[in-house]
Amino acid sequence: MQLPPDIERILLDEATIQRRVHELATQISADYADVDELVLVGVLKGAFIFMADLARCLTIPHSVDFIALSSYGSRGAARSDAVRLIMDTRAPVTGKEVLIVEDIVDTGYTLQYLVRNFQARNPASLRTCTLTSKPTRHEVAVQLDYLGFEIPDVWVVGYGLDYADRYRTLPYIAALKPEVYRTAAH
Ligand code: IMP
Ligand code: MG
């Protein structure tokens with residue numbers, strides 16, 4: 001297959017991702033079988049594709065909402081106090097069964113911030129669903145209730161994930177050539 005020029009190799013191909021997303025949805029549907037409604041809170045922009053595929057595989061009643069964050073520093077958030085909520089959910093989540101849907105956990109500061117922020121809103125329950133995680137990069141303990149894949153410490157793009165806002169719509173998750181993200185000022 002002809003890969004785009006900045007892409008080094010495919011880590012997770014389309015079929016592998018789709019199979020895992022189905023498995024996660026099956027497990028989530030079973031775990032929430034008795035609740036009236038599950039509220040999926042997707043973290044923009046990175047989670048938009050994962051969220052769309054995951055939500056469409058669920059067999060339980062659910063609604064979707066979104067938040068957007070900004071973090072200072074481009075390699076994820078340097079610290080949790082560098083994370084800011086720049087767009088909140090449309091509907092309040094107090095008393096709701098909430099599942100935060102994230103694309104990737106790197107240092108863990110972003111997810112730590114999100115869990116604290118949403119816990120303070122007193123949802124009926126709060127869990128997290130993350131497509132990928134880089135365990136060797138974690139700096140804080142994070143709550144990973146549903147996890148798609150553990151990946152190595154490389155910059156990945158595709159399936160929602162970006163580099164400088166590009167490559168989000170690749171159907172697979174791939175490693176960027178290291179020289180691309182090492183040389184660029186970002
Ligand atoms: P953390 O706060 O360090 O866990 O960073 C999480 C955020 O950093 C993610 O939500 C992504 O926006 C970004 N990020 C971390 N690693 C990658 C990657 O390999 N590709 C794309 N975005 C990443
Ligand atoms: Mg993200």
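It should be emphasised that the depicted structure is a prediction, and the values quoted were computed from it without experimental measurement. Start at 1 and go down the list; that is how both ligands and their atoms are numbered. Along the sequence shown, residues carry numbers from 1.
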Run the contact test for L69 against ligand 1 with a 4.0 Å cut-off on heavy atoms, strictly below, and give the result.
no

Of all heavy-atom pairs between A91 and D65, which one has the smallest distance, and what is that distance?
N-OD2, 3.1 Å

Non-hydrogen atoms of H138 versus ligand 1: any pair closer than 4.0 Å?
no

Between R137 and D106, does any NZ, NE, NH1 or NH2 come within less than 4.0 Å of an OD or OE carboxylate oxygen?
yes

From the candidates D103, L176, L114, the one that places a heavy atom nearest atom 12 (O) of ligand 1
D103

Tell me, do Y159 and L12 make a side-chain contact under 4.5 Å, heavy atoms counted?
no

As an exercise, state the distance from OG1 of T128 to CG of D145, rounded to the nearest 0.5 Å.
4.5 Å

Can D88 and R121 be counted as an ion pair, charged N to O under 4.0 angstrom?
yes

Aromatic rings Y32 and Y146: how do their planes relate, parallel, tilted or perpendicular, breaks at 30° and 60°?
tilted

Filtering V154, I104, V43 for the heavy atom nearest atom 11 (C) of ligand 1 leaves I104

For ligand 1, find out whether one of its N or O atoms is nearer than 3.5 Å to an N or O atom of V157.
no

For the atom pair CG (D36) and CD1 (I60), what is the distance rounded to the nearest 0.5 Å?
11.0 Å

Ligand 1 contacted by G108 (non-hydrogen, < 4.0 Å)
yes

For D162, counting its heavy atoms only, list the atoms of ligand 1 lying under 4.0 Å from any of them.
21 (C)

Do the charged groups of E179 and R182 touch, with an N to O distance under 4.0 Å?
no

Number the atoms of ligand 1 from 1 as they appear, then name those within less than 4.0 Å of a heavy atom of L161, with their elements.
21 (C), 22 (N)

Which ligand 1 atoms are under 4.0 Å away from a heavy-atom of K134?
16 (N), 17 (C), 18 (C), 19 (O)

Report yes or no: do E150 and S133 form a side-chain donor-acceptor pair below 3.5 Å?
no

Answer yes or no: does an N/O atom from V156 fall short of 3.5 Å to an N/O atom of ligand 1?
yes

In terms of its nearest heavy atom to atom 15 (C) of ligand 1, the top option of V83, V142, D106, V105 is D106

Check for me whether E102 has a heavy atom closer than 4.0 Å to any atom of ligand 1.
yes

Atoms of ligand 1 close to T110 [distance to a heavy atom under 4.0 angstrom, numbered from 1]:
1 (P), 2 (O), 5 (O), 6 (C)

